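Single-structure report; data block below.
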Amino acid sequence: MNTPQLVIPYVSADYAALVPTFVVAVTALVVIVADLLTPKKMRRAANVAVGIIGLIAAGVLALQGWGHPIAAFGGAFVNGGFAIVFQEIVIVAAVFSLLMSYALGREDQSGGAIALMLWSASGAMLMAGAANLMTVFLGIELLSLALYCLCAMSSRPGARESALKYLILSSTASGFLLYGMALLFGATGSVALSAFANPPASSALFDIGAGMFLIGICFKLSLVPFHVWTPDVYEGAPLPVTAFMSVVTKAGTLAVLARFAYAALPSPHGAAIMLPVWIVAALSMIVGNVAALAQTDLKRLLAYSGIAQLGYIVASLAGTTAFGLRYAIFYLGAYTFMNLGAFAVVALLSRDRDEGSQLTSFNGLGYRQPILAGAMTFFLLSLAGLPPTAGFTGKILILASAVNAGFVWLAALLVVGTAISVYAYFKIVRAMYAQTTGAPIRRAVVPASALPWACVALCAVATLVLGFYPIVPSDVLPLVK
Amino acid sequence: MIAALVVVPILAGLALYLVPRSAEHLAKWIAVAIAFGAFALAISQYGAPDESLRWLSRPFAANFHVGLGKGPSFWIVLLLTLSTGCALMVTRVPRARDFIAQMLVLLGAMTGVFIARDLLLFALFWDLMLIPVFITLVAWSPTKSNATAWKYLVYNLVGGLALLLATAAYGIVQGTTDVIGVDPKSLATISDTWALWICLGFGFAFFIKTPVWPLHTWMPDTYADLPAPMVAIVSAVQSKAGLYGFIVIGLALFPGVMHAIAPVAFVLGLIALVYGALAALVQDDIKRVVAYSSLSHLGLIILAIFSFSPIAIGGAVVYIVAHGLFSAGLFMTVGEIELREDTRLLSRLGGLGGRNPKLAGGLTIVALAALGLPGLCGFAGEILILTGLYRAGFVWQTVVALVPVVIAAAYMLRVFQGVMHGPEHDDLPEREDLSLLEGLALAPLVIAIVLLGINPGPVTHLDTFTRSVAAASAQSTLAILKK
């Protein structure tokens, strides 16, 4: 007789679900080898090229899985529309970050830096499909460990501090997460998210576990009041890494949060467990935008803005309606383009050591470089939720979904937060167009590579098109098995 | 083709940045051609069928739906394109190419507000039309602090966001936002609570935009700081967006709530009417005189709309267009005065009429139109509104509303007298009278002022939609009175 429990029932379909993730991880290895083989002059270009080709290949492969949902490895990794959309967002963000990566590390470090970025992305791709606690943790740690190193990869004085801060605080969050997971396992006897929907009668243990798990998640999403690390880390990290973090960590963690909220929680009790998360989202919209008002460094400003933007996205999930999830994903996509577009403009104003992220480096840009200033204005309009951009359409969809789910107070706070944010974003618009008389105008420095221009152009087109033709992914409800 | 009224000016405005900075005249004449081209196109599309394209299907239906019709939209678009073309002809600001580009974007965005037939599209253009004005305030502001620009942006965007939230809520409740110009009877009724909050959201935005006291403080500063060509079209048209919204959205979709808030609106309108007129009487800066006079005149239109009298609402449409014409004319002549004397202060100006007879003539006509001289357009609107108010039973309100009409004569003549008559100031520069081009730029406005004054008929002939709205709101007045 066979002993079925000893037979590992994995088939090639299980591995096929992970192929896009593997492709990205293997590309990282190829980059390291290519780095050794190519001549020094074209090394960085070759590394970027290999990385982008690998990512695009992974993106195409990931799309093959559309319409064929599968719960691979006994439900540890669920590949369906939901996971694929998040993976594509991660891939797009990674491609754009590579396009700006001229400033990433020293010339001789570029291979390692790009490889780390790809590994980090593969961690986020794993999180996109993670449907049990082990896979979630594996993905989060893969994502974070690579980022700790990336944050330190700059000779600027703040970089080490930033990396250390990120390491310590993020590890604390991981601690919460792990503790929560242990309690969840204790309460339910399972690590599969699908098993949580029917917790045992005495659920105090389950509640505490879910609470700690959610604290860890909010930490990674940098929602208020777990956000204090974000501005410092964003400011210290090299610009492409900041851009990468601002989307990829958020996308991966959001996938976990959404799957937990939609698939793992029993319906009447789950609403009570998630209520604090919606409150945290509301706080993020207000506090993030208020704090953004005072910033004079673009990276810090975008950090606070990101805190608020994540608040909007999480608010869209409020009430865990099917609409809400779709619009959260739409807004995440829109945020990817408008946010990375803004980072790419900053990248174009930067030199190796001197990142043009100070507000003053935008002074008079409207006269020196009208097209670049126009693009930046466009991204800022989108971040502020003003037309004619994807940010506008995304915001109206989130407002509609919040009203639809009965969370009118959340919609009202979203509007208040947006009103506050306008000043923060238009401060930059003002700097670009105001008549500058006092401060000396620094010439715009176009970096050695024109690749960030491609990033600006692609992001602008995507932000415009998504505004008028909102492609809201269908069939994305998270699956668990 | 109607959509081209929006798309072409915006794209052309952005494309102007590709014209070399030195080719200012080229940029200017391209822009003038586009504005007058839009004017001709709008006339040719009188009563043309609407154009629509799907935007969203879920969570509610929203379309890129634009239409001119034969009612207020059509006349306001004519006013907008005409005044923009005239204002562009006399543009003389530093960095003219960039300024003209902003003017064209503003033209397209404002046209969008008035031809949008979908609430979400309306909200889109409502927010979009703020951006060029903000950039212009920042880039061509006489002060370094940009306080005016911030005030303008914050006030109007807060209104715009309230509008957006109300639009989203309306979409969820009604299932579609494609409702402007739709016969109100064909729409599902929405519950009173929702109607109240949604209408208050819209109303808040409209009150800020118009503006009414006490939400008006952004307006005099904005008008004073904007360069003359832009303030001409902002005061002529952008300030009408709120009034237009009250007619096509408020009256059509929320007649019950509009009746409920009418007492408040009446008080706000009367305060704006009287306060604006009194403030205009004491300003030293002539741009601010015109700004406060605007506040006063638009207060009268608020009264007209909230009287729910079909005559007054017809008069409101006439006065919207009339005020647009003479305020564009006033701000353009004020711009000419400032160009000649480098000041706008009444205490510094004087005796211009002797050397500048053409300028004095232009100012005379627009000022007389503004103070409501019979035969010119201001009178046509005022008399219809006042008659409508009186016929609807608002007797003492009509009497109060008459007072500022008289004060208007005082402040307009004060401006005219102060600028054109009296002793010449020797320390002011002496410059040429209006050139042929400047005269030509004013001429279309003057012709329109006279034509509308003599024959306001076509504008009062409301299209079926506006007529049904006016009739419906009048009926509900009766119903409420019977209760």
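Lettering follows sequence order; numbering is per chain, from 1. Predicted, not measured: the structure shown is a model, and the values here were computed from it.
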message: Counting heavy-atom pairs closer than 4.5 Å to chain A, which one of B/Ile131, B/Ile10, B/Val173 comes out on top?
response: B/Ile131
task: Determine the option with the most heavy-atom pairs under 4.5 angstrom with chain A, choosing from B/Val158, B/Leu53, B/Leu120, B/Asp98.
output: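 That would be B/Leu120.
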[X] vs [Y] aromatic rings, parallel, tilted or perpendicular, using cut-offs 30° and 60°?
X	Y	value
B/Phe134	A/Phe426	perpendicular
A/Phe407	A/Trp278	perpendicular
A/Tyr423	B/Trp150	tilted

Would you mind checking which part of [X] comes under 4.5 Å of any heavy atom in chain B, side chain (CB onward), backbone (N, CA, C, O), both or neither?
X	value
A/Pro388	both
A/Leu381	side chain
A/Phe468	both
A/Val416	neither

Which portion of [X] sits near chain A, non-hydrogen atoms under 4.5 angstrom:
X	answer
B/Ser141	backbone
B/Leu137	neither
B/Ile172	side chain
B/Leu161	both

- prompt: Do B/Asn63 and B/Asp118 have a side chain donor and acceptor closer than 3.5 Å?
  reply: no
message: Can you confirm whether the side chains of A/Ser284 and A/Tyr312 place a donor and an acceptor under 3.5 Å from each other?
response: no
Return the [atom1] to [atom2] distance between [X] and [Y], rounded to the nearest 0.5 Å.
X	Y	atom1	atom2	answer
B/Cys199	B/Ile190	SG	CD1	9.0 Å
A/Ile428	A/Gln295	CD1	CD	11.0 Å
A/Thr463	A/Leu458	OG1	CG	10.0 Å

- prompt: Sequence neighbours excluded, which residues qualify as salt bridge (Lys or Arg N to Asp or Glu O under 4.0 Å) partners of B/Asp221?
  reply: B/Lys151, B/Arg288
query: So, B/Tyr170 versus B/Trp194, ring centres under 6.0 angstrom or not?
result: no
Main-chain N/O of A/Pro387 paired to B/Asp127 side chain as donor or acceptor, under 3.5 Å: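 Not confirmed, B/Asp127 side chain does not pair with A/Pro387 backbone.
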task: Spell out, as yes or no, whether a donor-acceptor pair under 3.5 Å connects the side chain of B/Gln238 to the backbone of B/Met129.
output: yes
message: If you define the side chain from C-beta out and look only at heavy atoms, does anything of B/Tyr244 sit under 4.5 Å from B/Ser73?
response: yes
- prompt: Taking side chain as C-beta onward, heavy atoms only, is B/Phe206 less than 4.5 Å from B/Leu163?
  reply: yes
- request: Anything in residues 13-27 of chain B with a heavy-atom distance to chain A below 4.5 Å? Please list those residues in order.
  value: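 Against chain A, the residues of residues 13-27 of chain B that fall inside the cut-off (heavy atoms, under 4.5 Å) are B/Tyr17, B/Leu18, B/Arg21.
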- prompt: Counting heavy-atom pairs under 4.5 Å to chain B, which of A/Ile371, A/Thr377, A/Leu386 comes out on top?
  reply: A/Leu386
message: Just to verify, what does B/Trp197 make a side chain to side chain contact (heavy atoms under 4.5 Å, CB included) with, not counting sequence neighbours?
response: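 Side chain to side chain contact (heavy atoms under 4.5 Å, CB included) check on B/Trp197 returns B/Thr193, B/Leu200.
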query: Quick one: which residues of residues 321-338 of chain A reach chain B at under 4.5 angstrom, heavy atoms only?
result: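 Under the 4.5 Å heavy-atom cut-off, A/Phe323, A/Arg326, A/Tyr327 qualify.
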